Amino acid sequence: MLTGLKILFENELAVADFLLPNKVCLLYVSEGDMVAGNGFRRKLVRYRNASSSFQQLVLAERTRLSEQYFSALQKFVVLDLGLSLLPVGGQTEASQLITQIVHGEGRENPFRRRTSCRLLDSITLAMVQQIPGVGKVRAVTLMQNFPSIQEISNASPAELEPLVGQASAQQIHSFFHAHLTPGN
């Protein structure tokens with residue numbers, strides 16, 4: 001039995017579905033949202049753009065029915081929007097996860113980003129460091145100047161050069177665009 005749980009309905013939630021007491025807000029993407037089409041994408045963008053002092057998490061149902069749509073959702077949420085995505089098996093699992101987040105308030109929240117920049121986390125940093133010619137210092141520099149990995153991949157050598165130098169700029173650009181050259 002849950003005691004001390006207080007449910008409030010507030011207009012200030014904007015597009016968030018849940019506002020938790022430990023400065024976390026959640027947006028829930030259901031199996032039906034994914035199967036129905038891409039309408040939920042606009043809501044995700046509004047959610048990301050909402051000026052909030054809360055940690056923003058996205059819970060998404062990953063079921064047999066939604067499995068075929070999940071990788072596109074994951075790419076959009078994590079790479080394009082820079083949000084944290086947590087897959088859940090359904091509403092029951094989502095409610096259990098929310099309860100864990102709320103009752104684990106005294107412990108460190110593993111989903112809270114430790115820096116003000118959305119992408120400055122260890123996993124993304126490690127991913128950027130896999131680009132040839134990019135070490136930790138250059139990875140941090142790139143992440144501070146480009147809000148997503150997709151934007152790094154779309155950057156021209158001229159945009160990259162002031163940040164990492166000419167040779168590394170060419171290496172980074174070639175890494176993302178090598179498959180586009182004829183004959184490959």
Side-chain angles (χ1 to χ4, degrees), residues 14-20 22-29 34 38 40-60 62 69-88 97 100-101 104-105 107-181 184:
V15 294
D17 293 320
F18 301 96
L19 182 61
L20 306 181
N22 53 348
K23 295 285 192 183
V24 174
C25 62
L26 300 169
L27 183 71
Y28 190 78
V29 180
M34 283 186 261
N38 289 329
F40 65 90
R41 287 177 173 249
R42 274 185 244 122
K43 186 174 181 181
L44 283 164
V45 171
R46 285 195 332 264
Y47 176 67
R48 194 261 331 254
N49 292 338
S51 58
S52 174
S53 60
F54 290 84
Q55 170 66 32
Q56 296 174 312
L57 299 176
V58 177
L59 297 183
R62 187 173 188 175
Y69 307 100
F70 193 81
S71 64
L73 172 73
Q74 184 177 25
K75 179 187 176 297
F76 183 67
V77 170
V78 177
L79 295 179
D80 297 345
L81 299 179
L83 296 171
S84 297
L85 176 68
L86 303 171
V88 292
L97 180 61
Q100 261 184 327
I101 292 171
E105 212 173 313
R107 294 175 288 202
E108 182 181 343
N109 181 348
F111 307 112
R112 181 169 299 283
R113 300 206 188 261
R114 288 168 179 79
T115 63
S116 60
C117 180
R118 290 199 164 156
L119 292 178
L120 284 180
D121 62 44
S122 60
I123 295 170
T124 308
L125 184 64
M127 289 173 58
V128 174
Q129 287 176 323
Q130 297 304 309
I131 301 168
V134 177
K136 186 172 184 173
V137 172
R138 285 186 177 149
V140 170
T141 301
L142 287 169
M143 292 166 51
Q144 288 172 338
N145 287 277
F146 296 97
S148 69
I149 292 175
Q150 182 175 4
E151 290 209 18
I152 294 171
S153 72
N154 291 336
S156 69
E159 293 173 292
L160 296 167
E161 190 174 330
L163 302 171
V164 297
Q166 184 179 11
S168 290
Q170 284 300 327
Q171 275 186 303
I172 294 166
H173 188 266
S174 295
F175 174 77
F176 286 110
H177 300 280
H179 66 285
L180 300 176
T181 57
N184 284 345

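What you are looking at is a predicted structure, and each value in this text was computed from that prediction instead of being measured. Throughout, numbering of the chain's residues begins at 1 and tracks the sequence.
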Legend entry - side chain to side chain contact (heavy atoms under 4.5 Å, CB included) between Ile152 and Phe176, worked out: CA-CA 9 Å; Ile152 294 171; Phe176 286 110; 3.9 Å; yes
Legend entry - Partners meeting side-chain contact (heavy atoms from CB on, under 4.5 Å) with Pro132 (sequence neighbours left out): Gln171, Phe175
Inset, instruction - Check whether any side-chain heavy atom of Leu59 lies under 4.5 Å from a side-chain heavy atom of Val29, and answer yes or no. - result: no
Legend entry - Minimum side-chain heavy-atom gap Leu57-Val24 below 4.5 Å: yes
Inset, instruction - Check side-chain contact (heavy atoms from CB on, under 4.5 Å) between Ser156 and all other residues, then give those that pass, not counting sequence neighbours. - result: Ala158, Glu159
Inset, instruction - Could you tell me which residues satisfy side chain to side chain donor-acceptor pair (under 3.5 Å) with Tyr28, sequence neighbours excluded, listed by chain and number? - result: Glu61
Inset, instruction - Would you mind reporting whether Val45 and Phe76 have side-chain heavy atoms less than 4.5 Å apart? - result: yes
Inset, instruction - Identify, with sequence neighbours excluded, every residue that meets side-chain contact (heavy atoms from CB on, under 4.5 Å) alongside Gln170. - result: Pro157
Inset, instruction - Tell me, please, which residues at least two apart from Lys75 pass salt bridge (Lys or Arg N to Asp or Glu O under 4.0 Å). - result: Asp80
Legend entry - For the student: nearest non-hydrogen atoms of His173 and Ala155, plus distance: CD2-O, 3.3 Å
Inset, instruction - Considering non-hydrogen atoms only, spot the tightest contact between Ser84 and Gln55 and give its length. - result: OG-NE2, 4.1 Å
Legend entry - Side-chain touch Val128/Ile131, heavy atoms, less than 4.5 angstrom: yes
Inset, instruction - Name all residues meeting the side-chain contact (heavy atoms from CB on, under 4.5 Å) criterion together with Asn145; count only those two or more places apart in sequence or in a different chain, and write none if there are none. - result: Thr141, Leu163
Inset, instruction - Would you name the heavy atoms of Phe146 and Glu151 that are closest together and state the gap between them? - result: CD2-O, 3.8 Å
Inset, instruction - Look only at the side chain of Gln56 and the backbone of Tyr47, and say whether a donor-acceptor pair between them is shorter than 3.5 Å. - result: yes
Legend entry - Rounded distance [0.5 Å steps], CG in Asn154 versus CD1 in Ile149: 12.0 Å
Inset, instruction - Indicate yes or no: at least one non-hydrogen side-chain atom of Val58 is less than 4.5 angstrom from one of Leu26. - result: no
Legend entry - Beyond-backbone contact of Leu160 with Leu142, side-chain heavy atoms, under 4.5 angstrom: yes
Inset, instruction - Identify the two heavy atoms, one from Met34 and one from Ala60, that lie closest to each other, and give their separation to 0.1 Å. - result: CE-CB, 4.3 Å
Legend entry - Exercise: identify the closest heavy-atom pair between Ser168 and Arg138: OG-NH1, 2.6 Å
Inset, instruction - Look at the side chain of Arg48 and the backbone N and O of Leu83, then say whether any donor-acceptor pair between them is shorter than 3.5 Å. - result: no
Inset, instruction - Compare all side-chain heavy atoms of Cys25 with those of Phe18 and state whether any distance is below 4.5 angstrom. - result: no
Legend entry - Side-chain touch Arg46/Asn49, heavy atoms, less than 4.5 angstrom: no
